[in-house]
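Everything below concerns the one structure shown next.
Each residue takes its place number in the sequence, starting with 1. None of the values given here were measured: they were computed from a predicted structure.
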Amino acid sequence: MSSMSGRNPGAVLDLESLSKVRVNTQAVLKRAQHIQGLKLPKKQWQAAWLLKAVSCIDLTTLAGDDTPSNVHRLCMKAIQPVRYDLLKKLDMHDKGLTTAAVCVYPSRVADASKSLKAANSGLPVASVATGFPAGQTPLETRLQEVRTAVRDGATEIDIVIKRTLALTGQWEAMYSEVRQFRQACGDAHMKTILATGDLGTFTNIYKASMVAMMAGSDFIKTSTGKEAVNATYPVAIVMARAIRDYYLRTGHKVGFKPAGGIRTAQESLVWLNLIKEELGDDWLCPHLFRLGASSLLADIERQIYHYVTGQYAAYHELPMA
């Protein structure tokens, strides 16, 4: 799986149009309810959608007790995310199915790069940086963290915005910081985490999405997974509308990544449905859609096992990530 192409060059910060933004909360909630009520695919179509979801996962470990060995295990799982015999039954064993990337802390990037290189895999390493998860360290420290992660082999950087700037409407300052992170990323692709659970209103979330894209983000991402509220469908609709508006305005497609609390195969199907409905089929690929998750893959693999064998797997039968 090659890394993303079609970089977003960003745009001039347009404060005038930003100041006019108002998001209709009731309409957003109604739309989210509608999408959650849509029928999900069944049987072989569900199996196919679940494999599509696997190919869009940023398989993640962001724990305080990460070690070289559990990062290595994560990398091996990312390279072979679904058991070979199950893929063979689906005639998918030779299609090169992997997750989209592995995502780790900056200090674990070298471990991940080493494991993937040793396995002869070109899978991208993504790293959270810029004072993840709170973004409350000095700017120079946050920039240095990006540079270090890139130097150690990360080709995708998931930055976090400083929530204070969004909450107090300091859009120029936020734009300027994200621009600097973009520069520090060099050739690496940049995903910008808005930590939407901390932003208060849909209007704020829309504005933060727009500013992040104008500053050159290749992806916008809902959450760090460490906030009290993480990825929700209403927030996703607001961010998807911002992505659509940005595309209509500039011709550049920016990706979307929900993250935090996405644990079940069923939920991953709703997310794919939401993207299909809001942004269209073009976005249903790892270049423009990622699912940030650590435990989701295990449930997807259980569902695929059930589809193939008609039985549910005991936990010891499927290797953990």
Using residues 132-141 as the side-chain source, report each donor-acceptor pair under 3.5 Å to any protein atom, sequence neighbours left out, with the distance given to one decimal.
residue, atom, partner, partner atom, Å
E140, OE2, R147, NH1, 3.3

Say whether [X] and [Y], considering side chains only, have a donor N or O and an acceptor N or O under 3.5 Å apart.
| X | Y | answer |
| --- | --- | --- |
| T168 | Q170 | yes |
| R241 | S209 | no |
| T67 | S69 | yes |
| T224 | E227 | yes |
| Y307 | Q46 | no |
| E267 | T264 | yes |

Salt-bridge test for [X] and [Y]: reply yes if a basic N is under 4.0 Å from a carboxylate O, no otherwise.
| X | Y | result |
| --- | --- | --- |
| K276 | D281 | yes |
| R108 | D111 | yes |
| E301 | K77 | yes |
| K257 | D158 | yes |
| D198 | R163 | yes |
| R263 | D299 | no |
| E177 | R142 | yes |

Worksheet item: Would you say Q44 has more than 12 foreign heavy atoms packed within less than 6.0 Å of its CD?
Response: yes
Worksheet entry | Enclosure of H252 NE2 (heavy-atom neighbours >12, cutoff 6.0 Å) | yes
Worksheet item: Can you check whether F289 and W271 have ring centres sitting under 6.0 Å from each other?
Response: no
Worksheet item: Do L62 and I161 sit in the same hydrophobic cluster, where Ile, Leu, Val, Met, Phe, Trp and Tyr count as joined when their side-chain heavy atoms come under 4.5 Å apart?
Response: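 No; I161 is not reachable from L62 via cluster members.
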Item to complete: Could you state whether L296 and L40 fall into the same hydrophobic cluster, counting links through intermediate Ile, Leu, Val, Met, Phe, Trp or Tyr residues with side-chain heavy atoms under 4.5 angstrom apart?
Response: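 The answer is yes; both residues are in one hydrophobic cluster.
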Discussion item. Any non-hydrogen side-chain atom of S127 less than 4.5 Å from a side-chain atom of E145?
Written reply: no
Fill in: Aromatic W283 / basic K253 pairing, under 6.0 angstrom, 45° off normal
yes
Worksheet item: Between V270, N273, I35, which is the residue that forms a side chain to side chain contact (heavy atoms under 4.5 Å, CB included) with Y233?
Response: V270
